[in-house]
Amino acid sequence: MSPRETLTPGTTSCGFTVERTETISELDADAYVLRHGASGARLLYLACDDENKAFAIAFKTPPANSTGVFHILEHSVLCGSAKFPVKEPFVDLIKSSMQTFLNAMTYPDKTIYPVASTNEQDLLNLMDVYMDAVLNPMIYTKPTIFQQEGWHYELDVPEGASLCDGELRYNGVVFNEMKGALSDPMSVLDDAMNAALFPNTPYAFESGGDPRCIPQLTYDEFLDTHARHYNLANSYIVLYGDFADVRRELAFLDERYLSRANAASARIAAKREEGAEGSALSPNPLPMQQPIVCDYRRVEMETTPENALAGMAYVIGQALDVFRTVAADVLFEAILGSNEAPVKKAIIEAGLGGNVTSYTSNACQQPYEMIMLQNAKPDVARELRCVIEETCRDLVERGVPRDRLEAVISNNEYSLRQRDYGVADGVALACDALSTWLYDDEAATDALKLGPVYAELRDALEGNFFEDLLQELVLDSEHWALVELVPVEGRAADGDPGEAAELQARKAAMTEADLQRVVDQVAELRRQQEAEDAPEDRAKLPRLHVADIGDARPEPPFELDEATPLPCLRHHIATHRLAYALTYFDLSHLSFAELPYAKILCRLMQQLPTAQRTAAELDSYIGSNLGFLSFTTEVYLQESNWRLARPVLLVSAGALSEKIDALASIPREVWAETLFEDTGRIRDVLTQMRIGMEQAFLNAGHQAALGRALTYVSPAAVVSDQLAGVEFYRFLRDLLDNFDDRIDSLCDTLRDLQRRIFTSTGTIASFTGSDEDYARYWACAGTLGLEARTVPAKELFVPAPEDKHEAFIIPSDVCYLGKAADPRALGLAVDGSWSVAANALSYGYLWNEIRVKGGAYGCGFQSVPGRRVAFYTYRDPAIDPSLTRIARAGEWLEELDADRDTFEGFIVSTVSGLDAPVKPYGLAKRQDGAFLSGRPADFRAVTRAEMLAATPERLRELGDAVSRVAAEAPVCVFGGRDIIEASDASWTVINLLG
């Protein structure tokens with residue numbers, strides 16, 4: 001039955017009272033706000049026509065210190081519960097469900113556990129496991145969970161030595177994760193800024209946990225914190241999607257969990273019997289910070305000089321004032337969001353640093369705007385503040401440019417219609433709802449109703465609203481902070497003795513019995529980690545079977561239309577009155593040495609003036625008329641020959657159906673008429689590009705390691721590396737180091753490439769939108785101004801791959817490892833069954849060995865049929881133990897002994913990943929990629945059939961091949977110097993960032 005019929009305000013259903021309902025037109029959804037009578041749990045149901053259903057439960061969890069207790073709890077509650085007493089139900093769900101999202105997130109004041117699935121029974125299964133996990137976790141009876149996910153001591157004793165000669169160290173998944181996270185200077189600056197803005201609130205603490213504080217957390221404090229916060233009166237539940245009858249889900253929640261006692265309530269009751277009261281039983285408070293000014297704070301960090309930062313932040317107001325928060329976000333985006341935005345432009349022109357980034361932080365009680373100067377010059381923090389405020393004062397007097405404000409509003413309205421959140425819609429909307437709901441029970445939907453806000457902001461363009469707002473937020477602000485992060489060679493001289501000295505002191509205070517206790521506790525931890533779950537416990541987990549999957553949803557068709565002025569891949573995909581136009585320009589006529597210049601050409605497009613418009617005019621014009629415009633390079637491996645690659649320059653754009661003329665004309669103006677004359681602006685853009693790549697090495701080093709490792713065997717990967725990997729980064733650094741000497745030749749090269757690339761020769765277009773939009777697009781576009789190339793092609797000679805066994809030093813306390821190969825280089829034929837094996841290896845063997853035992857935050861085995869086989873680790877505390885465990889992966893697979901339910905789970909989850917819904921733009925790009933690679937039209941169907949046909953025998957047969965990958969695939973590492981030097985492997989060590 002329709003929820004409109006069953007969930008009317010004032011009625012009670014399944015223990016829930018419906019408090020109010022409303023329609024949110026911009027989401028095409030009806031919202032129902034309910035409260036569970038017995039438990040006090042809040043529930044928001046967003047009813048809409050989306051088969052990708054979602055559930056989330058969240059708790060308000062403001063920290064009282066920086067031990068990371070809520071982050072450790074987020075990990076720990078998913079390590080078994082009363083109803084599902086297996087070691088890793090979270091991993092079991094990944095291996096056995098049709099989930100389209102499965103994770104948990106710790107925010108500075110809340111913890112969210114969201115899941116999504118296209119199968120309603122599967123979602124109920126996921127809800128069952130998650131609800132029991134958060135309310136009845138095994139943490140109360142199994143202290144090793146705290147040790148594994150939080151922290152514990154380990155004693156490394158050399159063979160034949162006494163315990164006293166051993167080296168004491170910390171280990172734990174969250175401990176190592178946060179070592180990696182806080183190796184990022186931007187995260188450190190953000191933490192320092194929160195402490196400066198909100199010193200008397202929980203936001204002053206590192207909610208993820210500071211590795212220097214995590215070992216201060218005790219097991220009892222850990223349990224008490226769970227009991228105080230994971231209670232239902234402190235919970236927020238979201239349901240989203242098209243349910244047959246949502247009363248099924250409501251009854252499930254009521255009968256199974258909300259009307260029953262749980263482990264958290266039992267501990268609170270026991271504490272009350274012991275005489276505890278007040279704060280010992282209640283959740284941590286979340287007070288409001290009164291306005292405060294921090295006119296300067298210096299933070300020191302051991303990192304490279306290039307990572308110097310300065311930050312300026314202004315508190316906007318309160319989260320419940322959604323209009324003010326959105327208005328401030330629009331305003332700051334208009335003045336800081338691009339190189340042509342007036343405040344960012346003024347900072348760059350002042351020569352204070354290499355780049356400026358900014359963002360509105362709205363996932364907190366008092367939203368604020370953060371302005372961050374990257375690659376900052378020494379002692380420029382106060383000058384940064386002066387430039388910001390002087391420019392804002394001028395904008396208040398002269399007026400904030402209306403074209404920039406209108407462009408931001410238009411772009412946001414486009415995003416509202418596109419609804420591409422990067423994750424399942426229900427998950428993103430649940431998180432958005434909590435940005436107001438957490439602070440007021442009456443504000444469950446306030447953050448979701450943005451259509452009227454943008455309409456009101458358009459009306460506000462006529463008066464002085466934005467100037468008055470800028471005056472309030474910046475010039476008259478009484479709540480702001482200025483923070484500078486200064487790189488130093490050693491640990492900051494703040495009285496902290498450092499981890500190594502602390503451990504030495506703790507070991508010195510230990511008796512031999514204490515040391516033996518450490519050894520015994522680790523042995524017990526290992527025993528439990530290695531123990532198999534009892535078959536009767538595994539049987540308790542809800543599972544889907546292959547029969548539950550159903551047929552694959554048919555993909556919308558596409559075809560190559562050669563009747564258009566350019567050959568065009570025509571996609572028939574519903575798009576919510578949006579249109580996408582992509583143009584693929586061939587790069588195979590360039591020389592190998594020219595490829596990096598093509599990447600630079602892409603980056604400079606939109607950043608420089610055209611023959612018709614200044615850079616500032618172009619920036620606003622694009623924002624007002626297009627949803628997005630991007631210039632990128634991509635490499636498509638050819639199905640016919642794995643050694644061949646098809647490099648292209650891709651121009652992508654999206655627009656509202658009402659803006660088809662702009663979709664046809666603006667990309668053409670940019671690629672044909674960009675002027676390469678402003679050398680200062682070119683230097684600024686390239687510097688920003690370098691900083692962005694360095695940030696990626698720090699935060700996603702496993703991706704960089706995988707890409708580099710592939711270059712040791714794959715010619716196609718060598719091309720990709722030249723366009724966007726380590727080799728491109730080295731090229732970019734050298735170019736910037738010698739910029740003054742090379743700028744004239746650079747500009748000449750870019751003009752030459754502009755003439756040679758943007759031609760009709762080898763060019764293919766792609767269009768997604770309605771038939772009417774398609775006809776209008778080509779009527780406006782014509783030939784896109786493209787003519788056949790007349791310049792002879794150069795030879796794209798690709799250097800032969802070579803295994804260099806590189807270890808790249810980056811300023812980090814963890815490492816990232818990639819071990820990858822094209823399977824065809826090893827003589828391996830990889831089909832869909834390999835994907836099932838990858839699932840089993842990643843969430844069976846590797847998860848337990850490298851994450852659980854080794855303490856790495858992430859790890860896995862990847863298999864892309866006909867493309868790549870690879871092992872990787874992420875935020876890993878050491879190299880050699882992971883390599884040793886990877887070497888044994890094939891043996892584990894050869895001995896795989898999975899029961900029928902477990903094995904079918906591997907298949908279900910693997911096929912589910914292939915079948916997961918994709919947004920229109922992503923689907924069109926995927927279809928384009930298959931065409932440009934020369935993949936057969938039935939490739940996905942064949943791969944899916946191979947997955948479904950996988951058997952335990954087939955996976956065991958793959959064990960030897962996986963062992964070959966582990967032994968023969970080249971390896972590359974990105975990591976801290978100490979970790980690399982501690983490895984016994986023979987590396988070519990390179991200080992990547994200089």
Side-chain angles (χ1 to χ4, degrees), residues 24 26-27 44 56 58 60-62 105-112 114 186-187 189-191 193-198 201-204 207-208 236 238 286-289 291 311-337 357-372 405 408-409 411-413 415-416 419-423 425 427-454 456-457 460 466 469-470 472-474 477 479-481:
I24 305 178
E26 52 266 57
L27 299 179
L44 169 64
K60 185 184 288 187
T61 55
M105 295 88 80
T106 303
Y107 287 77
D109 57 13
K110 56 187 166 285
T111 309
I112 306 178
M186 294 178 70
S187 294
L189 181 69
D190 190 69
D191 286 346
M193 185 62 75
N194 273 278
L197 289 173
F198 310 111
T201 77
Y203 299 112
S207 58
Y236 303 78
V238 178
L286 184 56
M288 196 80 70
Q289 175 68 54
M312 186 78 203
Y314 300 91
V315 173
I316 292 167
Q318 297 185 21
L320 295 175
D321 191 345
V322 175
F323 178 80
R324 182 179 176 88
T325 301
V326 175
D329 183 48
V330 168
L331 173 61
F332 283 117
E333 179 67 18
I335 64 176
L336 282 156
T357 63
S358 62
Y359 57 86
T360 304
S361 180
N362 63 356
C364 55
Q365 188 170 221
Q366 293 169 273
Y368 61 92
E369 182 70 18
M370 174 71 147
I371 305 168
M372 189 180 297
L405 290 166
V408 175
I409 294 170
N411 203 262
N412 289 358
E413 289 174 329
S415 297
L416 199 62
R419 298 182 204 162
D420 191 349
Y421 304 106
V423 296
D425 290 10
V427 172
L429 293 172
C431 296
D432 287 348
L434 284 160
S435 66
T436 53
W437 193 18
L438 194 79
Y439 316 113
D440 188 335
D441 289 353
E442 300 301 313
T445 60
D446 287 13
L448 306 179
K449 298 177 291 188
L450 297 181
V453 173
Y454 291 126
E456 191 174 345
L457 288 175
F466 286 102
L469 183 62
L470 186 58
E472 290 177 29
L473 294 178
V474 176
S477 175
H479 198 168
W480 56 267

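Predicted model only: the values in this text are computed from it and were never measured.
Residues Y236 and K60 have side chains in contact (heavy-atom distance under 4.5 Å, counting atoms from C-beta outward). Under the 4.5 Å side-chain criterion, counting only non-hydrogen atoms from C-beta, Q365 is not in contact with Q318. Put simply, the side chain of P287 does not reach to within 4.5 Å of the side chain of P62, judged on heavy atoms. Between S361 and E369, every side-chain heavy-atom pair lies at or beyond the 4.5 Å cut-off. Two residues are said to be in side-chain contact when any heavy atoms from C-beta on lie closer than 4.5 Å; V453 and K449 fail this criterion. Residues V315 and P291 form no side-chain contact, since every pair of their non-hydrogen atoms from C-beta on lies 4.5 Å or further apart. Taking the side chain as every heavy atom from C-beta outward, F323 and P452 never approach each other to under 4.5 Å. For the pair Y454/V408, no side-chain contact is recorded, criterion being any heavy-atom separation below 4.5 Å from C-beta on.
Using modelled atom types and a 3.5 Å distance limit, the side chains of T360 and D329 yield a donor-acceptor pair.
Panel note: side chain T61, backbone T111; a donor-acceptor pair is recorded below 3.5 Å. Put simply, the side chain of R324 never gets that close to the backbone of L469: no donor and acceptor are under 3.5 Å apart. Checked by atom type and distance alone, the side chain of Q366 pairs as donor or acceptor with a backbone atom of Q289 at under 3.5 Å. For S207 (side chain) and Y203 (main-chain N/O), no donor-acceptor pair under 3.5 Å exists by modelled atom type.
Listed here is the closest heavy atom pair of C364 and D109: CA-OD2, 3.8 Å.
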Item to check | side-chain contact (heavy atoms from CB on, under 4.5 Å) assessment of V238 paired with W437 | outcome: CA-CA 11 Å; V238 178; W437 193 18; 3.8 Å; yes
Item to check | Test log, rule side-chain contact (heavy atoms from CB on, under 4.5 Å), inputs M370 and L189 | outcome: CA-CA 10 Å; M370 174 71 147; L189 181 69; 4.0 Å; yes
Item to check | Stepwise side-chain contact (heavy atoms from CB on, under 4.5 Å) test for Y368 and F198 | outcome: CA-CA 11 Å; Y368 61 92; F198 310 111; 3.8 Å; yes
Next on the checklist: Run D190 and Y359 through side-chain hydrogen bond (donor to acceptor under 3.5 Å, both in side chains) and show every step you take.
Outcome noted: CA-CA 11 Å; D190 190 69; Y359 57 86; 2.4 Å; yes
Item to check | Audit row: H479, Y314, side-chain contact (heavy atoms from CB on, under 4.5 Å) steps and yes/no | outcome: CA-CA 6 Å; H479 198 168; Y314 300 91; over 6 Å; no
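Atom-to-atom distance recorded for L320:CG and T325:OG1 is 9.0 Å, nearest 0.5 angstrom.
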